[in-house]
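Naming convention: chains lettered A, B, ... in sequence-line order (proteins, then strands); numbering from 1 in each chain.
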Number of protein chains: 2
Amino acid sequence: MLDDIVGYRLRRAQVLVYQDYVRTVGSLDIRPAQFAAMTIIGANPGLSQTTLATTMGIDRSGAVILIDALEGKGLAARVPSKVDRRTYAIMLTDKGATTLAELKRMVAEHDNRVTACLGPEERVQLNSLLLRLYQG
Amino acid sequence: MLDDIVGYRLRRAQVLVYQDYVRTVGSLDIRPAQFAAMTIIGANPGLSQTTLATTMGIDRSGAVILIDALEGKGLAARVPSKVDRRTYAIMLTDKGATTLAELKRMVAEHDNRVTACLGPEERVQLNSLLLRLYQG
DNA sequence: TATTGTTATACTCTATAACTATA
DNA sequence: TATAGTTATAGAGTATAACAATA
């Protein structure tokens with residue numbers, strides 16, 4: 001009965017995947033949301049906190065906390081914008097870029113392990129079905 | 001980059017599915033975990049709180065809070081066990097059984113809406129792939 | 001007036017550890 | 001001693017609302 005509900009399966013799968021994520025990158029102590037933020041900053045250096053927030057689908061106040069954490073670890077930096085003195089350009093530090101590269105390796109390994117029970121074409125299928133679920 | 005990571009897609013899909021769940025059963029104010037608990041109790045009347053907890057993969061203390069909430073709404077009841085005075089037999093009340101039946105209809109509708117973008121055989125595929133993800 | 005970043009606050013979910021009463 | 005239920009507490013995650021500085 002519960003097993004026929006997509007939300008229930010999504011949650012159970014996510015719990016398991018999350019546990020493997022923590023086991024994999026636990027030593028670095030970078031949360032999934034922090035990894036997502038670092039990836040987005042790495043691909044869009046100089047973006048504002050509000051842009052980061054809307055990209056991640058969270059509130060602006062959440063981006064503040066996220067950047068606070070990354071800044072506290074020396075992984076990201078707030079650079080005052082020269083065109084708009086209300087905003088910061090968010091950048092990865094050198095340490096942040098190095099750490100992100102290492103994280104990407106670890107997360108790729110984690111992703112492979114977590115989907116090890118699926119064949120190559122099944123992984124593609126799963127990703128495509130999930131994508132359609134949240135893109136309509 | 002993020003879109004290639006199964007954990008990221010799972011989370012994004014789950015957020016969307018959760019929002020639709022809240023919109024669907026919002027008026028009843030029954031959380032997903034509470035619905036799961038009610039479903040399990042309905043299928044296994046008289047089970048103990050510890051059994052419920054292990055079935056749901058949560059801590060015993062979490063089951064206490066869950067049953068407290070259901071009891072507070074008059075949906076479930078703790079019946080003292082006659083064979084082991086440490087335990088309670090957890091039951092749905094009549095109101096709980098009625099509410100569960102209504103919830104199941106609403107959740108089925110919610111599940112259909114959320115997977116409306118998929119064809120019938122794609123829904124089966126998604127459920128099967130998710131199941132294999134957390135069953136190995 | 002509107003927007004950016006910020007803070008304070010609160011709420012949900014969940015885990016851990018210690019307690020009690022029973023076994 | 002081991003287990004069931006309970007409580008207190010703490011942590012992560014996120015949202016809301018209000019504020020100052022700037023546009």
Side-chain angles (χ1 to χ4, degrees), chain A residues 7-8 10-12 14-16 18-19 21-23 25-26 28-37 41 46-73 76-91, chain B residues 7-8 10-12 14-19 21-23 25-26 29-37 41 46-73 76-91:
Chain A
Y8 181 78
L10 281 173
R11 192 188 151 278
R12 296 221 28 191
Q14 216 216 332
V15 166
L16 229 85
Y18 174 73
Q19 287 170 347
Y21 172 91
V22 169
R23 241 178 285 126
V25 306
L28 291 177
D29 195 31
I30 307 282
R31 303 272 151 183
Q34 293 170 353
F35 170 69
I41 298 167
L47 83 174
S48 73
Q49 292 183 192
T50 297
T51 303
L52 176 66
T54 54
T55 304
M56 295 186 64
I58 62 173
D59 192 79
R60 280 176 300 146
S61 60
V64 173
I65 295 165
L66 225 35
I67 302 298
D68 281 352
L70 294 178
E71 206 172 44
K73 296 177 205 228
R78 289 171 163 100
V79 180
S81 162
K82 294 179 178 168
V83 290
D84 185 341
R85 285 190 303 173
R86 293 174 303 181
T87 76
Y88 291 110
I90 309 299
M91 309 283 200
Chain B
Y8 181 78
L10 282 173
R11 192 188 152 278
R12 296 223 25 195
Q14 216 217 331
V15 166
L16 230 85
V17 168
Y18 174 73
Q19 287 170 346
Y21 172 91
V22 170
R23 241 177 285 128
V25 306
D29 196 32
I30 307 282
R31 302 275 151 181
Q34 293 171 353
F35 170 69
I41 296 167
L47 83 175
S48 72
Q49 294 185 192
T50 298
T51 303
L52 177 65
T54 55
T55 303
M56 295 186 63
I58 63 174
D59 191 81
R60 281 177 300 147
S61 61
V64 173
I65 295 164
L66 226 33
I67 303 298
D68 280 352
L70 294 177
E71 207 173 41
K73 295 176 207 227
R78 290 171 163 101
V79 180
S81 162
K82 294 179 180 169
V83 290
D84 186 338
R85 286 191 302 174
R86 293 173 303 179
T87 76
Y88 291 110
I90 309 300
M91 309 284 201

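Proximity of B:Thr87 to B:Arg85: side-chain heavy atoms (C-beta onward) are nowhere separated by under 4.5 Å. For the pair A:Asp68 and A:Arg78, the minimum side-chain heavy-atom distance is below 4.5 Å. Two residues are said to be in side-chain contact when any heavy atoms from C-beta on lie closer than 4.5 Å; B:Arg12 and B:Leu16 fail this criterion.
The listed nucleotides are D:dA15, D:dT6, C:dT4; the one nearest the side chain of A:Ile58 is D:dA15. Side-chain atoms of A:Ala33 lie closest to D:dT14 of the nucleotides D:dT14, D:dG5, C:dT14.
A straight line from CG of B:Asp68 to C1' of C:dC13 spans 15 Å, rounded to a whole angstrom. For the pair A:Arg11 CZ and C:dT12 P, the computed distance is 17 Å after rounding to whole Å. The distance between atom CD of A:Gln14 and atom C1' of D:dG13, rounded to the nearest whole Å, is 12 Å. We find that NZ of B:Lys82 is positioned 19 Å from C1' of D:dA4, with the value rounded to whole Å. Rounded to whole Å, atom P of C:dT12 lies 13 Å from atom CG of B:Leu66. Between the CZ atom of A:Arg78 and the P atom of C:dG5 there is a distance of 9 Å, rounded to whole Å. Rounded to an integer number of Å, the gap from CD1 of B:Ile65 to C1' of D:dG5 is 12 Å.
Among all heavy-atom pairs drawn from A:Thr51 and A:Leu47, the shortest one is CG2-CD1, 4.2 Å.
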* Test side chain to side chain contact (heavy atoms under 4.5 Å, CB included) on A:Arg23 and A:Val25 and set out the steps. => CA-CA 6 Å; A:Arg23 241 178 285 126; A:Val25 306; over 6 Å; no

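With sequence neighbours left out, A:Tyr21 forms a ring pair (Phe, Tyr, Trp, His ring centres under 6.0 Å) with A:His110. Scored by the side-chain contact (heavy atoms from CB on, under 4.5 Å) test, A:Arg86 finds A:Asp84 as partners (sequence neighbours excluded).
Distances shown here put every side-chain N or O of A:Thr50 at or beyond 4.0 Å from the OP1 or OP2 atom of C:dT3.
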Where do N or O atoms of nucleotides 10-12 of chain D meet protein N or O atoms at under 3.5 Å, pair by pair?
none

N/O-N/O pairs, protein side and nucleotides 16-19 of chain D side, under 3.5 Å:
from   : atom 1 : to      : atom 2 : distance (Å)
D:dT16 : O4     : A:Ser61 : OG     : 2.9

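Within the model, atoms CD1 of B:Ile65 and CD of B:Gln34 stand 11.0 Å from one another, a figure rounded to the nearest 0.5 Å. Atoms CD and CD, from B:Gln14 and B:Gln19 in turn, are 11.0 Å apart once rounded to the nearest 0.5 Å. Atom CD1 of A:Ile41 is separated from atom CD1 of A:Ile67 by 4.0 Å, given to the nearest 0.5 angstrom. Note that CG of A:Leu66 and CD of A:Gln49 are 9.5 Å apart. Values are rounded to the nearest 0.5 Å. Rounding to the nearest 0.5 angstrom, the gap separating the OH atom in B:Tyr88 from the OG atom in B:Ser81 is 11.0 Å. Rounded to the nearest 0.5 Å, atoms CE (B:Met56) and OG1 (B:Thr54) are 10.5 Å apart.
Axis angle, first five pairs versus last five pairs of the helix from C:dT1-D:dA23 to C:dA23-D:dT1: 10°, rounded to 10°.
No donor-acceptor distance shorter than 3.5 angstrom exists from the side chain of B:Lys73 to the backbone of B:Ile30, with no hydrogens or angles considered.
Within residues 83-90 of chain A, the residues approaching DNA chain C are A:Arg86, A:Thr87, A:Tyr88, by heavy-atom distance under 4.0 Å.
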